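What follows is a single structure, written as C-alpha cells, with notes after it.
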Amino acid sequence: MSASSLLKGKLFCSIYKSRKRADMYLYVPRGKGLRDLPEALAEQFGPGVHVTDLILSPERPLSRADVNKVMAAVQQQGFYLQMPPPPDPDLYLADGHPDRPRRA
C-alpha cells in the first residue's frame, strides 16, 4: 500500500509555536517548514519552534480549531495560523490581576 493511499483525505503537517507570542501556532505542510510564509506573517510569528508532526483527518478533531478549516487553509494558502485564545474574563477580573480595571 502506498503512502498516498494511506493519506487519502488526510494531511501530514508540522506544527510550530511562536517564540514571540504565547499560544500562537502555525500549521504548515510537513517538510515545508516556515519558509515561504508571507513576510508580514513571518515577522509577526518570529522564529518558530517545531512542536510536532501530525496527520490531520476530518475524523480526528483538534482541541482549539476546526480540523476541516485547518486542513483547507494549509492546502489553499500553505499555512494555518492558530491565534491565542481570548483571555478568560474570570481570570482578567480576578483580584490582583495587573490588567484588572480599577474601581472608582
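If you read the sequence from its start, that first residue is 1, and numbering goes on from there. Just so it is clear, the structure is predicted and the values come from calculations on it, not from any experiment. Excluded from the calculations below are hydrogen atoms, water molecules and symmetry mates; all remaining heavy atoms, backbone and side chain alike, are included.
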State the [atom1]-[atom2] distance between [X] and [Y], to the nearest 0.5 angstrom.
| X | Y | atom1 | atom2 | value |
| --- | --- | --- | --- | --- |
| M71 | S57 | CE | OG | 6.5 Å |
| F45 | R19 | CZ | CZ | 10.0 Å |
| R64 | M83 | CZ | CE | 10.0 Å |
| S14 | D53 | OG | CG | 3.5 Å |

With a 4.5 Å limit on heavy-atom distance, are the side chains of L81 and M24 in contact?
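A side-chain contact under 4.5 Å exists here.
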Side chain to side chain, L26 and L37, heavy atoms closer than 4.5 Å:
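Yes, at least one pair of side-chain atoms sits under 4.5 Å.
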Taking all non-hydrogen atoms of both residues into account, name the closest pair between [X] and [Y] and its distance.
| X | Y | value |
| --- | --- | --- |
| I55 | F12 | CG1-CD1, 3.7 Å |
| P58 | G9 | CD-O, 3.4 Å |
| P29 | G78 | CD-O, 3.3 Å |
| A65 | V70 | CB-CG2, 3.7 Å |

Apply side chain to side chain contact (heavy atoms under 4.5 Å, CB included) to the pair K10 and L56, showing each step before the final yes or no.
CA-CA 6 Å; K10 300 175 183 178; L56 298 179; over 6 Å; no
Checking side chain to side chain contact (heavy atoms under 4.5 Å, CB included) for the pair H50/I15: CA distance, chi angles, key distance, verdict?
CA-CA 6 Å; H50 182 259; I15 303 171; over 6 Å; no
Side-chain ([X]) to main-chain ([Y]) donor-acceptor, under 3.5 angstrom:
| X | Y | value |
| --- | --- | --- |
| K20 | E43 | yes |
| R30 | L11 | no |
| S18 | G48 | no |

Residues in ring pair (Phe, Tyr, Trp, His ring centres under 6.0 Å) contact with Y25, at least two apart in sequence or another chain
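Testing Y25 for ring pair (Phe, Tyr, Trp, His ring centres under 6.0 Å), a comparison that skips the adjacent residues, returns none.
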With F79 as reference, evaluate L41, L34, D36 under the side chain to side chain contact (heavy atoms under 4.5 Å, CB included) test and give the passing residue.
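Of L41, L34, D36, side chain to side chain contact (heavy atoms under 4.5 Å, CB included) with F79 is met by L41 alone.
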Could you state whether L54 and V28 fall into the same hydrophobic cluster, counting links through intermediate Ile, Leu, Val, Met, Phe, Trp or Tyr residues with side-chain heavy atoms under 4.5 angstrom apart?
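Hydrophobic grouping puts L54 apart from V28.
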